[in-house]
Amino acid sequence: MTHPDWGDAWSAQVVPEQTPPVEPRWRRRVVLDRRAVLGAVGALVLLGLVGVGWLVADVLAARSALLAAREEVVTLQEQATAGDVESARATVARLQEDAATARTRTRGPVWSLAGALPWVGDQTGAVQVVADVVDNLAQHGLPPLVDAVALVDPAALAPVDGRVDLDPLRAAAPQVVGADTAVQAAVAQLDGLDTSRLVGELADPVEELHRQVDAVAATTATAARAATLLPSMLGSAEPRTYLVLVQNNAEPRATGGIPGTVLVLRVEDGRIEVADQRSGGSLTGLAEPALPLTETEVALFSPLVGTDMRDVTFTPDFPRSAALARAIWQQEVGGEVDGVLSVDPGALAHVLEATGPVALDGGGELTRDNAVAELLNGVYLRVADPEAQDAYFASTAATVFGAVASGQGDAGGVVDALAQAAREGRLMVWSAHDDEQALLAPTVLAGALTGSAGDDEAVVGVYLNDGTQAKMGYYLDLDVTGQARECRPDGSQVVDLDVTLTSTAPPDAARLPEYLVGGLLPAGQVQTNVLVYGPSGGFIESVRVNSTETGVLAQVHDGLGVVGRTFTLAPGQTATLDLEIVTGKSSTGDVVVRSTPLASGSGPTILPSGCSSESVR
């Protein structure tokens, strides 16, 4: 459209056809490459989002399965303890299904890809290990234990006519050993995890699982050793002879008290009988120690530790005490001795709780409630003749053993009682057979000086030896307290330990019978030698006696630093040792303080670790 006034210049014209410009080929390639790259990136982002979603779904499913498995393990423990085998097997089936689900959902290409990524791989790898551990326990560790529960009913272990049926134990041994193998493998897997590289939300449950599996491993290791040891030690292959040292805590020794009575047990194919009994005082007076003593042993314990049966327990190392007792017996009496056991009235009291009261030859009965007071004090208040006291002590110990051998009371309760006595240091066992002793050595039954409580736990020892030749130890209280107050970068800890001795003797203790109070000190006083052993790899930094800087005896015994101090207490008096102790490197766990079991007391003192998981990462 035009206007007349616009002129010719604005009239319509034919526009010549134009050829579009030709784009260079290199530019087209760039555009195409960009499109391809953008498409590929988009596809990768989409694939990544799908992978993340897949991974999250797997994690949630695995978490749900693992939580269910945890609850089923708790249920399984309760059912196994109650002996409900059928229910336990049903629980194992559910546990296996959940554990398998957890393991399956932590596998696949997405998990492999995530495992190759920095940091993310640490997290996913830990989840996979946890799933593997739970699955392996469910498939290989727990089923054999349930089978073992079915085979070894505690009631079946009760002696009948003085004999324990060994067939169930022999049948259960392969299952128990197999279960322990699986559990120890799980421990090794968890040991390989470095939780310092994990986020807290993952590190904490992994560490908790590690602690739980460690606890299970300790139990299965003990069970495996018991299943292996008991048949042979109960004479399945050949008759056995054992000495039983009945320690009298009224006259304290490092591992409990003087062996005032020695019983001889004859064991053959599960049949147990008391074949002989003698007083410790009748096995003394050797011209030379029955075994060579070290200079340290002589300095700490005197030569009496090797010449007097009543003093072999001066050393806190029970395997050494047992070897000395065996040598003294063979020199004084003769005959083969296959092992040595030790019990005290506290252990007998635990057993009496399961067997019920036992009648005594002289009238009356021994019960859970009166055993300790009667054996450690009452007899000395009533009976003046030392030989009659020894005879009474021996008779009561033999009577309790006879009740156990006859199957009196609850068999499961007897087993629990013996386990509690072992935890308190009131029951110890040593075998003269090297292969058996190798299995006993790592257990609480061994009573070894340098034994460990756990891979990362430090062990400190506080031991007492009477110095009055009296029976005033019944009135002696030992209180051990303290704290781990510092965790060092190398994993060692600084521990403050307070040891307090108190005489609870009555104010008129001087009027007590002469045999009870002794004749070396003014009547009513008690003298005690206190030995404190430092932990393996550590040392005792300082000692204060009754809050002042005072000298102490210092020695090194079997590689452990030890300090000693003698205290003399009148009725009502106390004495203290305040120590600063440094543990060995990598001892980041709790500090376990073992001590002499006295008339009262319930086992080791546990000082919580001063090393948090964060402080040692």
Contacts under 3.5 angstrom, residues 330-338 side chains, donor-acceptor by atom type, not counting sequence neighbours:
unit_1 : atom_1 : unit_2 : atom_2 : d
Q330   : NE2    : G335   : O      : 3.4
E336   : OE2    : R326   : NH2    : 2.9
D338   : OD1    : H433   : NE2    : 2.9
D338   : OD2    : T241   : N      : 2.8

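When side chains are defined from C-beta on, L300 does not count as touching V305, because their heavy atoms never get closer than 4.5 Å. Between D344 and N248 there is no side-chain heavy-atom pair separated by less than 4.5 Å. Taking 4.5 Å as the limit, some side-chain heavy atom of V246 sits within range of a side-chain heavy atom of L263. Using a 4.5 Å cut-off on side-chain heavy atoms (C-beta onward), T443 and R225 make contact. Contact annotation: the side chain of L375 approaches that of L366 to within less than 4.5 Å [non-hydrogen atoms, C-beta and beyond]. Considering only heavy atoms from C-beta on, S547 comes within 4.5 Å of D578 through its side chain. At a threshold of 4.5 Å between non-hydrogen side-chain atoms, the residues V556 and T296 do not count as touching. Within the 4.5 Å cutoff, no side-chain heavy atoms of L341 are placed close to those of L243.
Judged purely by atom type and a 3.5 angstrom limit, R565 uses its side chain to pair as donor or acceptor with the backbone of G551. With hydrogens and angles ignored, the 3.5 Å screen pairs a side-chain donor or acceptor of T596 with a backbone N or O of A254. Side-chain atoms of Q408 come within 3.5 Å of backbone atoms of P357 as a donor-acceptor pair (strictly under, hydrogens ignored). Of the possible donor and acceptor atoms, one in the side chain of Q389 sits under 3.5 Å from a partner among the backbone N and O of V383. Side chain of T399 to main chain of S395: a donor-acceptor pair is present (N/O by atom type, distance under 3.5 Å, no hydrogens or angles). Between the side chain of Q493 and the backbone N or O of S587, at least one donor-acceptor pair lies under 3.5 Å. Remark: side-chain polar atoms of S342 are not paired, donor with acceptor, to backbone N or O of M428 under 3.5 angstrom. Panel note: side chain Q247, backbone G257; a donor-acceptor pair is recorded below 3.5 Å. Judged purely by atom type and a 3.5 angstrom limit, T261 has no side-chain atom pairing as donor or acceptor with the backbone of F393. A side-chain donor-acceptor contact under 3.5 Å links R163 to the backbone of D269.
Note that the CZ atom of F314 and the OG1 atom of T255 stand 11.0 Å from one another [nearest 0.5 Å]. To the nearest 0.5 Å, atom OG1 of residue T313 and atom CD1 of residue I258 are 8.0 Å apart. The CZ atom of R544 sits 11.0 Å away from the CG atom of L579 when rounded to the nearest 0.5 Å. Taking OG from S279 and CG from D390, the interatomic distance works out to 5.0 Å, rounded to the nearest 0.5 Å. With rounding to the nearest 0.5 Å, the separation of CG in L304 from OG1 in T284 is 7.0 Å. Between the OG atom of S536 and the CD atom of E457 there is a distance of 13.5 Å, given to the nearest 0.5 Å.
The shortest non-hydrogen separation linking A575 to L569 is CB-CD2, 3.9 Å. In terms of heavy atoms, T315 sits closest to S321 at CG2-OG, 3.2 Å. Contact record, I272 with A405: O-CB, 4.0 Å, taken as the closest heavy-atom pair. Contact between A505 and A509 at its shortest, heavy atoms only, is CB-CB, 3.9 Å. Residues L286 and G306 share a closest heavy-atom pair of CD2-O, 4.3 Å. Looking at every heavy atom in both residues, A570 comes nearest to S503 through O-CB, 3.5 Å.
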Intermediate values then yes/no, salt bridge (Lys or Arg N to Asp or Glu O under 4.0 Å), R485 and E580 = CA-CA 10 Å; R485 61 174 168 82; E580 182 181 282; 2.5 Å; yes
Test side-chain contact (heavy atoms from CB on, under 4.5 Å) applied to I606 and V591, step by step | CA-CA 6 Å; I606 308 299; V591 178; over 6 Å; no
Could you give me the CA-CA distance, side-chain angles and deciding distance for L348 and V351, then say whether side-chain contact (heavy atoms from CB on, under 4.5 Å) is met?
-> CA-CA 5 Å; L348 298 182; V351 171; 5.6 Å; no
Please test Y242 against M233 for side-chain contact (heavy atoms from CB on, under 4.5 Å), starting from the C-alpha separation and ending with a verdict.
-> CA-CA 10 Å; Y242 298 103; M233 293 192 73; 3.5 Å; yes
Between L439 and T228, does a side-chain contact (heavy atoms from CB on, under 4.5 Å) hold up when you go through it step by step?
-> CA-CA 9 Å; L439 291 173; T228 302; 3.8 Å; yes
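Ion pairing of E297 with R320 is present here, as a side-chain N (NZ or NE/NH1/NH2) and a carboxylate O approach within less than 4.0 Å. The pair E251-K471 counts as a salt bridge, with a side-chain nitrogen and a carboxylate oxygen less than 4.0 angstrom apart. The existence of a salt bridge linking D308 and R310 is confirmed by a sub-4.0 Å separation between a basic side-chain nitrogen and an acidic carboxylate oxygen.
Checking N529 against T566 by side-chain atom types alone, a donor-acceptor pair falls below 3.5 Å. Donor-acceptor pairing under 3.5 Å is recorded for the side chains of Y475 and N377. Side-chain contact of Q437 with S431: a donor-acceptor pair under 3.5 Å is absent, judged by distance alone. Counted by atom type alone, D466 and T468 present one or more donor-acceptor pairs between their side chains at under 3.5 Å. Inspection of the T568 and Q527 side chains reveals an N or O donor paired with an N or O acceptor under 3.5 Å. A side-chain donor from one of S232 and E436 sits under 3.5 Å from a side-chain acceptor of the other.
Taking a 6.0 Å sphere around CD of E514, one finds it holds 12 or fewer heavy atoms contributed by other residues, nucleotides or ligands. The environment of CG in D434 is sparse: at most 12 heavy-atom neighbours from other residues, nucleotides or ligands sit within 6.0 Å. Annotation: Q469, atom CD; neighbour count of heavy atoms from other residues, nucleotides and ligands within 6.0 Å does not exceed 12.
Under a cutoff of 6.0 Å and an axis angle of 45°, R594 and Y463 do not form a cation-pi pair.
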